[in-house]
*Asks:* 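Just passing along the structure, written as structure tokens.
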Amino acid sequence: MTKTSNIDARDDVDHVLGEEYEHEPVPMAARRSAFSVTTVWIGFPMIITGAMTGSILVLGMGFRNAFWAMLIGNLIMFAYVSALGVLGTRRGMNFALLASIVFGKKGYVFASGLLSTLLLGWFAVQTGITGALISSAYGLNYIAMTIVAGLLYIGITFIGVHGLHLIGLISVPLFVVLGGWVVFDSASTAGWDAVFAYAGNNGAATMSMGVGLTVVIALFIDAGTVSADINRWARDSKSSIIATFSAFPFANLAAMLVGGVMTAALAVPDANPFGADNMFGYMHAKQIGWLSLLAFLFLYCNLGSVCAHVHYHAATGWSRIIGTRMRIMAVVLGIVGIVVAAGNVWAFFIQWLTLLGILVPPIGAIILVDQYLYRKNAEISEDWRPTAFVAWAIGSAVAFVVDFYAPQYCTAICAMLAGGVAYALIGRQSAVARAPA
């Protein structure tokens with residue numbers, strides 16, 4: 001096939017499925033409605049993994065402290081993600097393009113490449129969780145179920161941002177109905193007073209507020225940092241902020257509370273949220289045929305939502321780096337993700353969140369300081385911007401020290417503040433140095 005025919009075939013695919021604007025800003029004519037962008041966002045964190053995280057927090061902190069960690073962490077995420085999202089909306093740029101302004105035409109590869117790779121890892125984690133839960137509940141082969149899940153999620157991503165919209169329309173109502181039923185059915189057994197009074201696994205809280213906040217923030221810090229990939233499709237800042245609010249705090253908090261309430265109500269000693277002690281396991285354990293089937297379909301649709309989202313971000317980022325199309329990278333990266341998922345990477349869930357909390361927050365903080373305070377409306381110009389990398393290193397180094405020597409504090413917040421403050425101070429010194437005598 002000739003080069004011209006390859007281009008024609010690619011253009012035909014884009015015409016049918018929609019242009020994704022990997023290498024240029026999304027024009028206003030192609031922007032989507034506030035409802036469409038909101039359905040993309042709300043379907044992202046309203047997932048069973050969020051419920052599992054809520055269970056982990058309640059087990060480690062007790063219900064009351066866990067609730068405050070969930071609420072505060074989600075409000076921090078709203079401020080962080082909406083601010084980055086508005087940048088994408090105003091300029092129509094995806095994260096890779098914004099990072100090119102801040103880190104340089106060549107330097108952005110490190111920031112975008114890291115986040116896109118971490119997001120691919122997140123795709124593998126969620127795909128592996130799908131296979132593991134289906135395998136343990138129905139006695140089916142783990143690898144086969146993981147492959148089926150991965151191929152389904154690749155298909156959703158291949159459709160593009162419209163695919164994320166469609167899966168959100170299916171996933172969110174299912175979660176609201178089934179999650180609400182799990183909450184009230186489980187709480188009706190123990191009573192709400194027992195739920196609120198639950199003190200943690202074996203009656204002893206073992207997780208500090210700082211660690212709890214890190215878990216809440218790190219759960220979506222990677223996808224939240226690349227929020228411009230989604231919010232660039234919004235028509236105005238108001239729509240962008242509303243769409244973000246639907247995810248943080250609303251959807252993410254709701255998902256965490258489903259798991260948290262269920263765990264507190266059941267009060268199972270040494271509960272395992274990644275085994276049978278989660279909302280999927282709760283539904284399946286009822287041994288009702290139609291409910292078990294519905295739980296099966298729910299799991300694939302629900303985790304399909306988050307997997308398609310993170311896979312879309314990863315494919316968008318790497319398509320910009322390599323200079324190809326999102327859909328090509330969706331297939332290539334999806335195959336890699338399935339192979340990784342088959343290796344049980346989901347078992348390292350908490351370690352994964354710790355890594356994200358150290359490496360990712362400074363990146364977003366640096367972009368916010370640069371674009372809101374120092375260089376508003378700056379264009380892609382320099383190949384490298386060393387000040388951004390120095391600030392990133394400082395932010396991650398501070399987070400690493402905190403995680404190692406003071407784990408009771410929130411590494412994600414420390415990383416965010418240290419990176420942002422470092423960049424602000426370095427930028428100020430650079431401005432003074434450039435000023436005429």
Side-chain angles (χ1 to χ4, degrees), residues 73 76-88 91 93-122 214 216-232 244 248 309-310 313-314 316-318 320-321 352-375 378 380 382-403 410-427:
I76 292 171
M77 283 295 289
F78 169 67
Y80 175 80
V81 177
S82 62
L84 287 167
V86 166
L87 288 176
R91 309 197 67 171
M93 292 182 171
N94 59 31
F95 172 79
L97 290 171
L98 288 176
S100 298
I101 297 172
V102 180
F103 290 89
K105 287 186 289 187
K106 295 180 179 178
Y108 90 94
V109 170
F110 289 91
S112 185
L114 172 69
L115 276 167
S116 297
T117 302
L118 290 174
L119 285 161
L120 177 61
W122 195 228
T214 295
V216 174
I217 294 171
L219 184 64
F220 282 103
I221 191 66
D222 48 356
T225 300
V226 298
S227 59
D229 288 355
I230 302 300
N231 292 57
R232 64 194 172 123
T244 304
F248 312 104
H309 277 80
V310 295
H313 288 301
T316 299
W318 275 109
R320 167 67 180 168
I321 292 170
W352 187 260
L353 295 186
T354 300
L355 177 65
L356 296 179
I358 290 173
L359 294 178
V360 176
I363 299 174
I366 290 165
I367 292 175
L368 291 175
V369 171
D370 183 84
Q371 291 295 289
Y372 280 106
L373 297 181
Y374 281 121
R375 303 191 313 133
I380 301 173
E382 305 162 74
D383 285 342
W384 300 89
R385 299 197 67 251
T387 54
F389 285 94
V390 172
W392 182 7
I394 292 173
S396 292
V398 168
F400 179 80
V401 171
V402 169
D403 183 63
C410 179
T411 56
I413 293 177
C414 291
M416 199 180 296
L417 291 175
V421 170
Y423 187 76
L425 293 176
I426 294 171

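It should be emphasised that the depicted structure is a prediction, and the values quoted were computed from it without experimental measurement.
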*Asks:* With sequence neighbours left out, what residues match Arg232 under side-chain hydrogen bond (donor to acceptor under 3.5 Å, both in side chains)?
*Replies:*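 Partners of Arg232 by the side-chain hydrogen bond (donor to acceptor under 3.5 Å, both in side chains) criterion, ordered by chain and then number, come out as Tyr312.
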*Asks:* Picking from Val226, Ile217, Leu115, what satisfies side-chain contact (heavy atoms from CB on, under 4.5 Å) with Val360?
*Replies:* Leu115
*Asks:* For a side-chain contact (heavy atoms from CB on, under 4.5 Å) with Met77, tell me which candidate from Val216, Leu219, Ile221 qualifies.
*Replies:* Ile221
*Asks:* Is the shortest heavy-atom distance from the side chain of Ile230 to the side chain of His313 under 4.5 Å?
*Replies:* yes
*Asks:* Check whether any side-chain heavy atom of Arg320 sits under 4.5 Å from a side-chain heavy atom of Ser116, and report yes or no.
*Replies:* no
*Asks:* Is there a side-chain contact between Tyr80 and Leu368 (heavy atoms, below 4.5 Å)?
*Replies:*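 Touching, per the 4.5 Å side-chain cut-off.
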*Asks:* In terms of heavy-atom contacts, does CZ of Phe389 have more than 12 from other residues, nucleotides or ligands at under 6.0 Å?
*Replies:* yes
*Asks:* In the structure I gave you, are the side-chain heavy atoms of Ile367 and Phe103 within less than 4.5 Å of one another anywhere?
*Replies:* yes
*Asks:* Does any non-hydrogen side-chain atom of Tyr108 lie less than 4.5 Å from one of Leu97?
*Replies:*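 They are not in contact (no side-chain heavy atoms under 4.5 Å apart), so the answer is no.
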*Asks:* Please identify each residue that fulfils side-chain hydrogen bond (donor to acceptor under 3.5 Å, both in side chains) with Thr244, with sequence neighbours left out.
*Replies:*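 Per chain and number, Thr244 pairs via side-chain hydrogen bond (donor to acceptor under 3.5 Å, both in side chains) with Asn231.
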*Asks:* Looking at every heavy atom in both Ala399 and Ile358, which two are closest together, and how far apart are they?
*Replies:*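 In this case the closest contact between Ala399 and Ile358 is CB-CA, 4.0 Å.
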*Asks:* Can you list every pair that meets side chain to side chain donor-acceptor pair (under 3.5 Å) and has a residue in residues 413-422, with sequence neighbours left out?
*Replies:*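 Pairs touching residues 413-422 that pass the test: none.
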